[in-house]
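Here is the naming used below: chain letters follow the sequence lines, and residue numbers restart at 1 for every chain.
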2 protein chains.
Amino acid sequence: MSKIDNITFGAYIRKLREQAKLPLRKVAAELDIDTSTLSKIEKNERNANEQIIEGISRIFQIDKSELKVRYLSDKITYQLIHEENGLEILKVAEARIKYQKRVNRK
Amino acid sequence: MSKIDNITFGAYIRKLREQAKLPLRKVAAELDIDTSTLSKIEKNERNANEQIIEGISRIFQIDKSELKVRYLSDKITYQLIHEENGLEILKVAEARIKYQKRVNRK
DNA sequence: TTTTGCTTTGGCAAGTTTTGTCCAAAACTA
DNA sequence: TAGTTTTGGACAAAACTTGCCAAAGCAAAA
């Protein structure tokens, strides 16, 4: 139950930063982005990207794939949150991805 | 097993059109879009949108929500197809959407 | 209260992506 | 062959995203 905690990606990385007692300014500098950009990412007003996820992973020693799962699941949740059939859509996507996996390993 | 047939959205609407024996030209006119745009949508080279899904639903008498499920699950599948943890990402998104539903009906 | 440091906000300009449209060539049909 | 349908490329306009900066807000210390 660690990744299914219903906290957004932004809130999660903010929590990491606050636990480490680091100001935006310092983390942003480490990530080589503007402070205001990081502020917006923490408030889910801007997208993160590979470089930023990489950096967060390095700074806070968090497994990069966990961060990616959080980031992408957030995005997908957001895409479906107002859809009537969100859960069905996910089921179909799941079936397709499983199918792809089967096909790819030939 | 009707929506989980591993056929893309484009291929699906092409099939509908061919079964009805209609040329792109006619369907595109009905949808009020360019013929070549519809050709590209059928080949998954352009996005559909609400208006187009609406139109397809009307022309071929297909339930609009079925079309939406097909369209969006396609998009999500495509977003995750190269991700290591695609299935886990879907699971997390699913848990979040369920959580939202619970919260919303308060 | 004033200062100091941290964070938030708004907005602009540049860059990128997506869209709609047109046209010509390719592919198909009869 | 001609006639029709489908495709792909080019292009500008529109929409969206990004990086950056300046100003405002906020809280705690001096």
Of B:Arg14 and A:Ile52, whose nearest nucleotide on DNA chain D comes first from the 5' end?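 So the residue in question is B:Arg14.
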Quick one: closest heavy-atom pair of A:Ile89 and B:Lys68, and the distance?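 That closest heavy-atom pairing would be CD1-O, 4.5 Å.
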Within less than 4.0 Å of OP1 or OP2 of [N], is there a side-chain N or O belonging to [X]?
X: B:Asn47; N: C:dT18; answer: no
X: B:Ser39; N: D:dT6; answer: no
X: A:Lys43; N: C:dT7; answer: no

Is it the case that atom CD in B:Glu84 sees more than 12 heavy atoms from other parts of the structure closer than 6.0 Å?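 It does not: B:Glu84 CD has 12 such atoms or fewer within range.
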Give me each pair satisfying ring pair (Phe, Tyr, Trp, His ring centres under 6.0 Å) with a member in residues 14-36 of chain A, each pair once, sequence neighbours excluded. none
Tell me which pairs pass ring pair (Phe, Tyr, Trp, His ring centres under 6.0 Å) where either residue lies in residues 6-44 of chain A, with sequence neighbours left out. A:Phe9-A:Tyr71
Between atom [atom1] in [X] and atom [atom2] in [N], what is the gap in whole Å?
X: A:Asn49; N: C:dT17; atom1: CG; atom2: P; answer: 13 Å
X: B:Arg17; N: D:dT5; atom1: CZ; atom2: C1'; answer: 9 Å
X: A:Ile13; N: C:dT7; atom1: CD1; atom2: P; answer: 13 Å
X: A:Ile41; N: C:dT8; atom1: CD1; atom2: C1'; answer: 14 Å
X: A:Asn44; N: C:dT8; atom1: CG; atom2: P; answer: 12 Å
X: B:Glu45; N: C:dT19; atom1: CD; atom2: P; answer: 13 Å
X: A:Gln51; N: D:dT18; atom1: CD; atom2: P; answer: 12 Å
X: B:Leu31; N: C:dT19; atom1: CG; atom2: P; answer: 16 Å

Would you check, one step at a time, whether the test side-chain hydrogen bond (donor to acceptor under 3.5 Å, both in side chains) holds for A:Thr8 with A:Asn44? CA-CA 8 Å; A:Thr8 63; A:Asn44 301 301; 3.0 Å; yes
Give a yes or no on whether the backbone of A:Glu88 and the side-chain of A:Asn85 come within a donor-acceptor separation of less than 3.5 Å.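 Absent.
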Can you pull every protein N or O that's under 3.5 Å from an N or O on nucleotides 21-30 of chain C?
unit_1: C:dC22; atom_1: N4; unit_2: B:Ser36; atom_2: OG; d: 2.8

A:Ser73 side chain near B:Arg96 side chain, heavy-atom distance below 4.5 Å: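 Yes, their side chains come closer than 4.5 Å.
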